[in-house]
Each structure stands twice: as C-alpha cells, then as structure tokens.
Amino acid sequence: MTFLPILERELRVRARSRAAHWSRFVVALAGALVCLPQLVWMGPFGTPATMGRALFNGIVSAAFLLSCGGCLLTADIISSERREGTLGLLLLTRVKAFDVLLGKLGSAGLPGLCALVACLPMLMIPLLAGGVTGGEAFRKGLVLPDTLFLALAAGLWASAGGREWLKAARTALILLAGIVLVPCLLDRPSARFWPPGPTLTLLSPLSALFSAGDASYKASPEQFWASLILVQGVAWALVIGAGFRVRSSWREERGEITAATPTTAEEHQMEAGRPARRPLVDA
C-alpha cells in the first residue's frame, strides 16, 4: 500500500497544528450551545417528548451542516501541492495518482471524522428526554459520516483540477449543493413545504436522513439502505474521477514543460543568452 507513507506524513504534519486539537472541543461546545437554549426555553412549556424531539432535530441539522462543510477540508489538498510544485515530484516516483488521493483523503478525513464523533454523543441527550428511539438515533448517526465522506470526495474532486484555493472551494460547494439539493428539486418540483418527504431521490443524502425516521423506516426500510449505499457510490465515483483529473492535468503540465525545455545544444546556448556556434566547414 503505497498511500500509507503519504497518509503517515500528512497526519504527522496535521498533528503539529493547533486546529487538530481545538476542532473537537469547538464542535462539542457548539453542540452543547445548540442544546442549552432549547432546554431552557422549552422546559416550562413543553412535554419531555416534544423537547427531546426538538433537541434531536436541532443537533442532527447542525451535524449535517458540519458534515457538508467537510468539503472545505479537501478543497486545497491537491491544488496546494500543485502550487508548491511538489505534486510532480510525487508522481515521478512509484507513487500513483490514486495513492496521493487516498493519502490526502485519509489525512483530511480523519480530523473531520473525529470532530463529527465528538458531536455524536450529543444525540444521546434527547434519548434521555424521550420522544426519540435508539434506532432512529443510530440510523441518523450512520447518515452523518456518509454525508461527510461525500463532502470530502466533492472537495477532492474540485481540488484535483485547480490551483487556487478559493476557486476550488467554490467549485466544491456548488458541486455538493447540486448533489444534495438538485435531486430533491427534480423529484418534487411542485412541493411547497420542506422537507418534501420520503419520495426524495435516493442519490441525495437528504433522502437517507429523512427516511431514517421511525415512521419512514417502518414503511420502507429498503429506501434508507439503498440511499445510504448510493450516496457512498457517488462519493467513490468522485474519488475515481479526481484520480483521472490529477493524471490528465499532470500530463498536460508535463507536456508543457517538455515543450518549453530546449532539447539541442544550440537551443541551450540560445536559452542562456549566448550566440550559437556554427560548425566548422572544411574548404
């Protein structure tokens, strides 16, 4: 496995940064801040079941948005190597394009997964209040890492073909929004209320999220698992497409470098600013 040394190197670099240590604390603190206002305001006015359901929906919505923001973690991992000129050095060795992508994806995905795992224990708070079953919390807990992997793959695909971080981040956000929202709009163009319900297109992670509820899952459990698998397939398709984009862009850059490099001694002398020597001709 050639990608393991790349993964180890990237993880060692990220372990030295303060963001790797503070991200889990910030995510857990944000989850607590989402819970506390609803506990304070809804305590005197609602039943425990209603309070638990509202808390659960708020935490899941925040965690889903956090998972979608994972595309920004991988939006610059390939383009930064291209700007620094180190991508070509990696590809000139035995390392292949997919090895680079898997190593970069793992190094960026593990901190994001750790931050998401730090938020998942907050889902147990609504279980104590009631109104939410353990099966629903488990199923929606499966949807969140699936959405995170899709977001990471979208950012990786956008970064594989660009040089600028801002352009790659914009492309990743547009691509992820298209995957998440466009199938919903095409499936229910006349829907007036959100969420449209269990008839969402299975390619969107929102389909798995809404079909993970107890009522929807009891009606059609195959819809939840099919959507979960299809979202995973879309993510792997983006990773494979990113590999082909890296290879094609590297071939274009290598062709430009080869075309711009002088090949003969006369071209080397002209490149250095010296007049070329003409060969002596015998009289």
Student: Could you pull out all residues at least two apart from Arg170 that satisfy salt bridge (Lys or Arg N to Asp or Glu O under 4.0 Å)?
Tutor: none
Student: Under 4.5 Å between side-chain heavy atoms, counting indirect links through other Ile/Leu/Val/Met/Phe/Trp/Tyr residues: same cluster for Ile229 and Leu206 or not?
Tutor: no
Student: Just to verify, what does Asp146 make a side-chain hydrogen bond (donor to acceptor under 3.5 Å, both in side chains) with, not counting sequence neighbours?
Tutor: Gln232
Student: Looking only at non-hydrogen atoms, find the nearest pair between Ala169 and Leu72 and report the distance.
Tutor: CB-CD2, 3.9 Å
Student: How long is the straight-line distance from OG of Ser159 back to NZ of Lys104, given to the nearest 0.5 Å?
Tutor: 9.0 Å
Student: For the residue pair Ser204 and Val180, what are the closest heavy atoms and their distance?
Tutor: OG-O, 2.7 Å
Student: Is Val239 linked to Leu228 within one hydrophobic cluster, defined over Ile, Leu, Val, Met, Phe, Trp and Tyr using a side-chain heavy-atom separation of less than 4.5 Å?
Tutor: yes
Student: Closer than 3.5 angstrom, by distance alone: can the side chain of Arg82 be matched with the main-chain N or O of Val246 as a donor-acceptor pair?
Tutor: no
Student: If every non-hydrogen atom of Ser227 is compared with every non-hydrogen atom of Ala208, which pair is closest and at what distance?
Tutor: OG-N, 3.2 Å
Student: Do the side chains of Leu181 and Leu230 join up, straight or via other hydrophobic residues, at under 4.5 Å, putting them in one cluster?
Tutor: yes
Student: Do Leu203 and Ile174 land in one hydrophobic cluster if side-chain heavy atoms of ILVMFWY residues count as linked below 4.5 Å?
Tutor: no
Student: What distance separates Ser79 OG from Trp165 CH2, expressed to the nearest 0.5 Å?
Tutor: 10.0 Å
Student: Would you name the heavy atoms of Pro205 and Val143 that are closest together and state the gap between them?
Tutor: O-CG1, 3.9 Å
Student: Under 3.5 Å, sequence neighbours excluded: what are the donor-acceptor pairs made by side chains of residues 58-65?
Tutor:
residue: Ser61; atom: OG; partner: Asn57; partner atom: O; Å: 2.8

Student: Do Leu150 and Leu176 pass the side chain to side chain contact (heavy atoms under 4.5 Å, CB included) test, and can you show the C-alpha distance, the side-chain angles, and the key distance before you say yes or no?
Tutor: CA-CA 8 Å; Leu150 176 65; Leu176 184 63; 4.1 Å; yes
Student: Could you give me the CA-CA distance, side-chain angles and deciding distance for Asp76 and Arg83, then say whether salt bridge (Lys or Arg N to Asp or Glu O under 4.0 Å) is met?
Tutor: CA-CA 10 Å; Asp76 195 41; Arg83 288 194 307 268; 3.0 Å; yes
Student: In chain order, what residues pass the side-chain hydrogen bond (donor to acceptor under 3.5 Å, both in side chains) check against Trp225, with sequence neighbours excluded?
Tutor: Tyr217
Student: Please check: side-chain N/O of Ser220 versus main-chain N/O of Glu222, any donor-acceptor pairing under 3.5 Å?
Tutor: no
Student: With rounding to the nearest 0.5 angstrom, report the CG to CG distance, Leu209 to Leu142.
Tutor: 11.5 Å
Student: Give the minimum heavy-atom separation between Gly109 and Leu152, together with the two atoms involved.
Tutor: CA-CD1, 3.5 Å
Student: In residues 122-137, what donor-acceptor pairs under 3.5 Å come from side-chain atoms, sequence neighbours left out?
Tutor:
residue: Thr133; atom: OG1; partner: Glu136; partner atom: N; Å: 3.4
residue: Thr133; atom: OG1; partner: Asp214; partner atom: OD1; Å: 3.0
residue: Thr133; atom: OG1; partner: Asp214; partner atom: OD2; Å: 2.7
residue: Glu136; atom: OE1; partner: Arg53; partner atom: NH2; Å: 3.0
residue: Glu136; atom: OE2; partner: Arg53; partner atom: NH1; Å: 2.8
residue: Glu136; atom: OE2; partner: Lys140; partner atom: NZ; Å: 3.4

Student: Mind checking the CD1-CH2 spacing from Ile240 to Trp157? Nearest 0.5 Å is all I need.
Tutor: 14.5 Å
Student: Determine, stepwise, if the pair Thr74 / Ile77 fulfils side chain to side chain contact (heavy atoms under 4.5 Å, CB included).
Tutor: CA-CA 5 Å; Thr74 54; Ile77 56 177; 3.8 Å; yes
Student: Mind listing the closest non-hydrogen atom pair of Leu156 and Ala242 along with its distance?
Tutor: O-CB, 3.9 Å
Student: Identify, with sequence neighbours excluded, every residue that meets ring pair (Phe, Tyr, Trp, His ring centres under 6.0 Å) alongside Trp236.
Tutor: Phe149
Student: Could you grab the distance from atom CD1 of Ile179 to atom CG of Leu238, nearest 0.5 Å is fine?
Tutor: 5.0 Å
